[in-house]
Amino acid sequence: MKKHQTIPVITVDGPSGSGKGTISRMLARELGFHFLDSGALYRLLAYAAGQRGIALDDEPALVKLSAELDIRFPADDDSDLVVLGGQDVTSAIRTEQAGRGASLVAALPAVRQALLERQRDFRKAPGLVADGRDMGTVVFPAADAKIFLTASAEERARRRCNQLKELGLEPVFEDILADIKARDERDANRPVAPLRPAPDAERVDTSGLDIPATIERVRNLVKNHLNQ
Ligand code: DC
């Protein structure tokens with residue numbers, strides 16, 4: 001491994017449904033690294049704002065709220081348990097509504113700035129795998145390895161529908177697809193930290209790949225970078 005002065009970071013960016021959540025979590029577990037689900041921070045903020053009656057475009061109030069939130073990921077990389085102010089909000093922040101809210105608050109520059117240091121604080125020994133949209137471009141621009149996962153919107157909508165069905169819901173494919181496209185559009189075109197690969201990111205299209213094939217490819221790419 002590189003002779004690091006600092007703690008190694010691997011970034012995994014991409015749109016929702018690209019597989020980055022599953023892949024980055026598996027990678028963190030394999031390497032024994034910590035894990036940051038940065039999307040969960042935006043989801044938490046939108047959820048907490050909803051609870052307190054704060055509008056999702058009230059930037060000053062959202063900035064203030066983001067500094068006050070008592071957020072914990074008690075299980076670190078082994079489950080997606082999320083605790084807000086002592087309350088388990090793991091499922092509450094995974095709804096489509098929370099996702100839409102997250103995308104709205106994430107478009108606000110001052111909100112992104114307010115969450116920046118909070119995200120960097122996750123960098124702890126022996127290393128970090130950070131999952132998000134701007135991990136390799138903004139939050140950890142000097143990361144040791146950068147992965148950018150993609151998949152077609154249709155493939156991502158199919159995956160999301162399957163997830164929702166597993167939760168006992170009855171999703172309408174066209175609605176999910178429209179939602180994914182709208183969110184992609186917003187995430188890719190916002191002026192601050194838009195969703196795009198870092199110039200030095202390794203791109204992996206997961207459309208035709210299952211999870212084992214994807215993790216195998218990502219593992220090899222990461223290994224090459226860490227050994228450089
Ligand atoms: O990865 P996710 O679906 O949990 O993310 C929810 C929203 O948060 C997504 O629409 C974009 C936003 N997000 C972001 O702007 N930057 C990040 N690093 C992570 C998520």
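Nothing here was measured: the structure is a model prediction, and the numbers come from that model. Read the numbers this way: they start at 1 and go in the same order the structure lists the ligands and their atoms.
Summary of contacts: the protein heavy atom closest to atom 9 (C) of ligand 1 is Arg133 NH2, 3.3 Å. Closest protein heavy atom to atom 4 (O) of ligand 1: Arg43 NE, 2.6 Å. At the top of the distance list for atom 20 (C) of ligand 1, counting protein heavy atoms only, stands Gly39 CA, 3.5 Å. Looking only at protein heavy atoms, the nearest one to atom 16 (N) of ligand 1 is Arg112 NH2, 3.0 Å. Among all non-hydrogen protein atoms, the one lying nearest atom 12 (C) of ligand 1 is Ala106 CB, 3.7 Å. Atom 11 (C) of ligand 1 has its closest protein heavy atom at Asp187 OD2, 3.5 Å.
The side chain of Lys20, and not its backbone, has at least one atom closer than 4.0 Å to an atom of ligand 1 (non-hydrogen atoms only; side chain from C-beta on).
Counting only non-hydrogen atoms, the option in Ser103, Ala130, Ala102 that gets closest to atom 6 (C) of ligand 1 is Ala102. Among Ala46, Gly99, Gly21, Ser38, the residue whose heavy atom lies closest to atom 19 (C) of ligand 1 is Ser38.
Exactly one residue among Lys20, Arg217, Arg203 makes a side-chain contact (heavy atoms from CB on, under 4.5 Å) with Leu149. That residue is Lys20.
Heavy-atom contacts of Met135 reach the following atoms of ligand 1: 18 (N) (cutoff under 4.0 Å). Of all atoms in ligand 1, listed by their number and element, those nearer than 4.0 Å to a heavy atom of Arg183 are 3 (O), 10 (O).
No side-chain donor from either of Arg100 and Gln97 sits under 3.5 Å from a side-chain acceptor of the other.
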